[in-house]
4 protein chains.
Amino acid sequence: MAPPATSPASPTNDVRPTRRPGRPRDARCDHAILQATLDMLVEGGAANLSIDGVAARAGVGKATIYRRWSSREALLLEAIGSDTTMMDMPDTGSLRTDLEVYFDGLIERFAKSGGSDVLPHLIEAACYDAEVRGSLDEYVAKRQTPVRTALQRAQQRGEIAPGIDLKVMIDVLVGPVIYRRLLTGGRIDRPFIRKLLDIVL
Amino acid sequence: MAPPATSPASPTNDVRPTRRPGRPRDARCDHAILQATLDMLVEGGAANLSIDGVAARAGVGKATIYRRWSSREALLLEAIGSDTTMMDMPDTGSLRTDLEVYFDGLIERFAKSGGSDVLPHLIEAACYDAEVRGSLDEYVAKRQTPVRTALQRAQQRGEIAPGIDLKVMIDVLVGPVIYRRLLTGGRIDRPFIRKLLDIVL
Amino acid sequence: MAPPATSPASPTNDVRPTRRPGRPRDARCDHAILQATLDMLVEGGAANLSIDGVAARAGVGKATIYRRWSSREALLLEAIGSDTTMMDMPDTGSLRTDLEVYFDGLIERFAKSGGSDVLPHLIEAACYDAEVRGSLDEYVAKRQTPVRTALQRAQQRGEIAPGIDLKVMIDVLVGPVIYRRLLTGGRIDRPFIRKLLDIVL
Amino acid sequence: MAPPATSPASPTNDVRPTRRPGRPRDARCDHAILQATLDMLVEGGAANLSIDGVAARAGVGKATIYRRWSSREALLLEAIGSDTTMMDMPDTGSLRTDLEVYFDGLIERFAKSGGSDVLPHLIEAACYDAEVRGSLDEYVAKRQTPVRTALQRAQQRGEIAPGIDLKVMIDVLVGPVIYRRLLTGGRIDRPFIRKLLDIVL
DNA sequence: AGTTAAGCGAGACGGTACGTCGTGTCTTGTG
DNA sequence: CACAAGACACGACGTACCGTCTCGCTTAACT
C-alpha cells in the first residue's frame, strides 16, 4: 500500500479525499454540538431547543453550527440518528420469541426516554423540507432493519407464508406501537405486545 | 329572546342562563378566525401559521383570538377538529367488507388533503401542553369511533373471538396506516389495505 | 378654541393630529431609550453603543427602538440633539465681548463632556445615509444660531462691513474651534479664543 | 547584496541588518492589500470596508493583513496616508497669492475624491485607540506643513505681525475649510476661499 | 542537500451585534 | 364587556465581521 503521496495528485488512486485547503473542521466541535443537542433534547424537548442554546452549551459560536447543518432539523436528525445504538434482533429460531425479546427491549428503551417529542417534530419538518424528508426515511429504514431481518429468517424457515409482503408485515408489527406512542397515549407494555402478536401471527 | 348560552348549558339549573354583562362575543369572529386558520394551514402548513397572520387575514385583533383560545395549538386543534365530517362505517354484515369500504373512503380523503402536517405538529405540542394532550386524545378517540363500532358488531356476530382486546385490534388496524402516512412515506392504496386485512383478519 | 372633535375629521381645523387607532406609543419608552443612549455614550462612546445594550439598559425590547428610529444613527442624532440646552448668546453691545462670553461657555461645555466621539460618528454616517445627512445639517444649523444672531446684530450696528458674507464669517469663527476639537487635539481655552478673535475681527 | 532592512535601521550598529530567519515578507502583499483597501474605500466607504473583503479582494489570507497591521483602523490610516502625494505650496512672494493657489489645488482634490468619509472614521477611532490618535495627529501635522511654511515665510517678510501665533493662524485658515467639508456641507469653491482670505488676512 | 523558521492562502473558531419576526399581554378609543 | 388596532417585553432567528487559530505549502537563509 503506497504511503500518502505528497504531490497533489498521484495518478492511480487518489482515494484519499484530496484534503481541502484551509483549517480543517474540528471534530471536537461536532461532538460537543451533538452532545449539547442531545442533552437539551432530554431536558426541554425539541420545542425548547434553540440554536443559541446549543451553541452556548457546547461552548461554540453559532456560525460553527450553521457551517455544519443548514437547519435546526438537520441538526436534530443527526443528533438522534447518532445515538443509534442499533437495537439488535435475537435469533431464537422462533419468530414469536424473537419479536417478544425485541419488543421487550423496545419497551425498556421507551420507558427510559421520556415522551420523545423529537420524532413528531421531524415528521412535521419533513412535510416541508425535502432534505429532512429523505433523512427521516433513511432513519426509519435503519430502525426497521432488525424486524426485517427476523421476518426474512422466519419466511425462509416457512413460519410465514411465502406470499406475504414483508413490508406490510413490518407496518403491521411496528405501526401499532408507534401509533400508541405518538397518538393514543396507550400503554406500551408486555400484555399489549402479547395481544398484538396474538392477532398478527 | 333567548340569550346565547356561552357555557355547555347543563339543562336543569341555570334557566336564566347567566347572561354575562357587557357586549356578547361576536359569533362571526369565531367563523372568520377558524376559516382564516384553515386557509393558512392549507397554504403554508402549521409551521408557517402565525397568530399575527391569522388575525390580519380574519380582520380581527389578536386579543379577540386569545380571548377564545389559550394558545396557538388550542386554535389549531379546534380548527382541524371543526371539519370532522365524521367518516361513517357501513354495516354490510361482514367485517372485512365493512373495513374495505371504510378504508377506501380514507384513502380518498388522504389523497385530497396534501401531506397533512397538522397532526405531527399537535403531537409535538401534546408532549408539553397537557391541555393539548387531552384534546388530542379526544380527537383521536372520535376518529376511532367508526372502526370501534364495526369491531363491536363483528364480535357480537362471532366474527372475532370473544377474548380479543378490541382496543388492541383497533391499534393493529389503524396503526399501520398512520405509520405509513407519518413516517415511512409508503403508499396508502387498495393493495396495501388488502394485504393489511389479509394479515390481521 | 374648539374642544377635540370626536368624529374622525372635522372639516375646518383638524389641527389635532387625528389620533391614530391602536395603543399609543408610550412616552416613557422614548425617555428611557434616549436616556439609556446618552448614558452609554458617556460611558463607552458611540463605537461601543449597541442597540442590544440600549434596549437592555432601558428595559425595553429592541422592536420598541426600531419602531421609533430606523437606524442607530437616527437614534444617536436625536439623543445628542435632545440635550440641546441651547447655548444662548448674550447681547453686550460689542461683538467681541459677545463672542468671548459665548465661547467661554463653550469651553466649559467641552471641558465637561469628554472627548465626544459622537460627532465624527455621525459625520461618517452622513456620508452614506441621506436621512442622517439632513438631520445632521439641521443640527449644525441649530448650533450655529447664536453666533449668527450676534453677527447679524453686529452688522446692523456697523461693527461688520455690510459686504461681509456672514455664512463665511460663521465658518471662520466656528471652524477653527471644531478643527481643534476633532482633528488637531489642540487646547481650546481662553488664550486660543483670544488669538482667534484677534485674527478674525 | 544588501538585504532589505525590515526595522527602521538605526545607522550605527547592526550593519548586518539582523535579517530575521524564515521566509521574508512578500512586498507584493503590502501593495495588493493597500490597493484593495483604497479601492474598497472608494466604492463603499470606511463603514462598508471589512477585513474579510479586503483579504478576498487582494487574494490574501486574513493573517497576512493582521501580520502587518494591528487593526482595521491602522490599515485605513496607512492606506489613506500612503497616497499623500504631498500638496506643495508655491512661493510667489505674496501670502495671499500663495494661499489662493494652494487652496485652488485643494478644491480640485476635494472635487475628485467623493465625500471622504475616512477622516471622520479615523477621528472616531482616535477617541479610543491611542495608536490611531498618534498616527492621526502625525497625519494632520503633515497636511498642515505647506500652510505652515507659507506662513513662516510671510512672517519673515513682515506680511504677518510678529506677535501672531502661527498655530492659531493655521487653524483659522484650515479650520473653516474642514468645517464646511465635514459638517455644514457648504460648497468649497473659489468664492468661498476668497471671502475666507478677505476676512482673515 | 537538509534543516529551520517564518510567510502564505484558505478557512474554521468563539464571540458580538445586527435587524426581523412571532408570542402572549397590555392599553387605547369606539361600539 | 367586546372589538380593531397596535404597542410592549421577551427571545430566537440566520447573517456578517472581528481578531485568532490551525492546516499544508512555499520560500529563503543557515547549517
Asks: Want to settle it: does C/G22 or D/A55 sit nearer the 5' end of DNA chain E, counting the closest nucleotide to each?
Replies: D/A55

Asks: Find out whether D/L41 and D/L76 are in side-chain contact, i.e. whether some heavy atom of one side chain is under 4.5 Å from a heavy atom of the other.
Replies: yes

Asks: How would you list, by chain and number, every residue that makes a side-chain hydrogen bond (donor to acceptor under 3.5 Å, both in side chains) with A/S70, sequence neighbours excluded?
Replies: none

Asks: Measuring from atom CD1 of A/I123 to atom NE2 of B/H121, what distance do you get when rounded to the nearest 0.5 angstrom?
Replies: 13.0 Å

Asks: Name each donor-acceptor pair under 3.5 Å that joins a side chain in residues 46-58 of chain C to protein atoms two or more places apart or in another chain, with its distance.
Replies:
residue	atom	partner	partner atom	Å
C/S50	OG	C/G53	N	2.9
C/R57	NH1	C/E43	OE1	3.3
C/R57	NH1	C/E43	OE2	3.4
C/R57	NH2	C/E43	OE2	3.0

Asks: Figure out the CD1/P separation between D/I65 and F/dC17, and round it to whole Å.
Replies: 14 Å

Asks: Just how far, in rounded Å, is C1' of F/dC23 from CZ of A/R20?
Replies: 12 Å

Asks: Write down the distance between CZ (D/R28) and C1' (F/dT27), rounded to a whole number of angstrom.
Replies: 11 Å

Asks: On the side chain of D/R23, is there an atom forming a donor-acceptor pair with the base of F/dA28 - under 3.5 Å, no angle test?
Replies: no

Asks: Polar atom pairs between nucleotides 16-20 of chain E and protein, under 3.5 Å, N or O only, would you list them?
Replies:
residue	atom	partner	partner atom	Å
E/dC18	OP1	C/I51	N	2.9
E/dC18	OP2	C/I51	N	2.8
E/dC18	OP2	C/D52	N	3.0
E/dC18	OP2	C/D52	OD2	2.8
E/dG19	OP2	C/Y66	OH	2.2
E/dG19	O5'	C/Y66	OH	3.2
E/dG19	N7	C/K62	NZ	2.7
E/dG19	O6	C/K62	NZ	2.9

Asks: Closer than 4.0 Å, any side-chain N/O of C/T64 to the OP1 or OP2 of F/dA7?
Replies: no

Asks: If I take atom CZ in residue D/R25 and atom C1' in nucleotide F/dA29, what distance separates them, rounded to the nearest angstrom?
Replies: 17 Å

Asks: Just the rounded figure in Å: distance from P of F/dA7 to CG of C/D30.
Replies: 12 Å

Asks: Given side chains that start at C-beta, do those of A/I80 and A/T37 come closer than 4.5 Å, heavy atoms only?
Replies: no

Asks: Using distance only, find each side-chain donor-acceptor pair of residues 26-36 of chain B under 3.5 Å and give its atom names and separation, not counting sequence neighbours.
Replies:
residue	atom	partner	partner atom	Å
B/D26	OD1	B/R28	N	2.9
B/D26	OD1	B/R28	NE	3.2
B/D26	OD2	B/R28	NE	3.4
B/D26	OD2	B/R28	NH2	2.8
B/D30	OD1	B/R68	NE	3.0
B/D30	OD1	B/R68	NH2	3.0
B/D30	OD2	B/R68	NE	3.4
B/H31	ND1	B/A27	O	3.4
B/Q35	NE2	B/D39	OD1	3.1

Asks: Reckon A/R68 touches a base, only the sugar-phosphate, or nothing at all at heavy-atom distances under 4.0 Å?
Replies: sugar-phosphate

Asks: Report the nucleotide, chosen from E/dG9, F/dA9, F/dA4, that has the shortest atom-to-atom distance to any side-chain atom of D/V60.
Replies: E/dG9

Asks: Listed by chain and number, what are the side-chain hydrogen bond (donor to acceptor under 3.5 Å, both in side chains) partners of C/R133, not counting sequence neighbours?
Replies: C/D137

Asks: Rounded to the nearest angstrom, tell me the gap between atom CG in B/L76 and atom P in E/dT23.
Replies: 10 Å

Asks: Any side-chain N or O of C/R67 less than 4.0 Å from the OP1 or OP2 oxygen of F/dA7?
Replies: yes

